[in-house]
Amino acid sequence: MPLNTPVIAQESREYWAAARQKRLLLKHCGSCHRHFHYPRAYCPYCMSDQTEWVQASGAGTIYSFTVIRRGPDAGTIPAFVTLAEGPTMMAGIVDAAPEAVFIGAPVRLRFVEGGEGQNIPLFELGR
């Protein structure tokens, strides 16, 4: 299935630049010391503007998922993945049989090339 080219906003420019290099960045708050995703200038927990980019480990667990069984996206598995650093992000699960996917399953980061050469962060089963 071809992946769409993401719309890159000012606040996510560095995130997508790192993804081109197959690196996953998260924002970290210097005030409350929490990681968060999606990228934004202010911490969603304490509203501090003392945020910085940090590299994520790429490890996580499946929080929730569904299997698309009809239409042009049949066979894809969109999921919410809770990263080892704490935030939960939405991403697809790749190269997995639907019956092998379960809530709590360990996953690891994998980048897949999307439109215009932009790498898209997805996940595969296992660590």
Do side-chain atoms of N119 reach the backbone of A19 as a donor and acceptor pair under 3.5 angstrom?
yes

Note: with side-chain heavy atoms under 4.5 Å as the link, the other cluster members for F102 come out as none

Mind listing the closest non-hydrogen atom pair of T51 and R40 along with its distance?
OG1-O, 4.3 Å

With side-chain contact (heavy atoms from CB on, under 4.5 Å) as the criterion, how do S48 and C32 come out once you've worked through the C-alpha distance, each side chain's angles and the decisive distance to 0.1 Å?
CA-CA 8 Å; S48 170; C32 71; over 6 Å; no

Apply side-chain contact (heavy atoms from CB on, under 4.5 Å) to H28 and H33, showing your working.
CA-CA 6 Å; H28 180 262; H33 307 290; 4.2 Å; yes

To the nearest 0.5 Å, tell me how far H37 NE2 sits from L83 CG.
7.5 Å

Check whether the side chains of T61 and T82 place a donor and an acceptor atom closer than 3.5 Å, and report yes or no.
no

Heavy atoms, side chains only, cut-off 4.5 Å: are I8 and Q118 in contact?
yes

Using 0.5 Å steps for rounding, measure from the SG atom of C43 to the CD atom of Q50.
11.0 Å

Sub-4.5 Å side-chain heavy-atom contact between M89 and P121
yes

Separation between CZ (F111) and CZ (R23), nearest 0.5 Å, reads 9.0 Å

Contact summary for S64 and I103, nearest pair of heavy atoms:
CA-CG1, 4.3 Å

Which ILVMFWY residues can you reach from M90 by hopping between side chains whose heavy atoms are under 4.5 Å apart?
Y63, F80

Within 6.0 angstrom of E116 CD, more than 12 heavy atoms from elsewhere:
no

Given side chains that start at C-beta, do those of L125 and R108 come closer than 4.5 Å, heavy atoms only?
no

Are the side chains of V81 and I93 in touch, meaning some heavy atoms are under 4.5 Å apart?
yes

If every non-hydrogen atom of E85 is compared with every non-hydrogen atom of S57, which pair is closest and at what distance?
OE2-N, 2.6 Å

Enter the distance from R34:CZ to C29:SG here, rounded to the nearest 0.5 Å.
9.5 Å

For the pair Y15 and W53, evaluate side-chain contact (heavy atoms from CB on, under 4.5 Å) and give the outcome as yes or no after the intermediate values.
CA-CA 8 Å; Y15 173 85; W53 292 102; 3.7 Å; yes

Show your reasoning for whether side-chain contact (heavy atoms from CB on, under 4.5 Å) applies to L109 and K22.
CA-CA 9 Å; L109 180 64; K22 298 187 176 183; over 6 Å; no

Side-chain cluster (under 4.5 Å, hydrophobic types only) that F36 belongs to, other residues
Y45

Between R110 and E124, is there a salt bridge with N-O shorter than 4.0 Å?
yes

Looking at side-chain heavy atoms only, is the closest gap between P78 and I68 below 4.5 Å?
yes

Side chains of I62 and F123 in contact at under 4.5 Å (non-hydrogen atoms):
no

Is the shortest heavy-atom distance from the side chain of W16 to the side chain of P6 under 4.5 Å?
yes

Any side-chain heavy-atom pair from Q55 and L25 closer than 4.5 angstrom?
yes

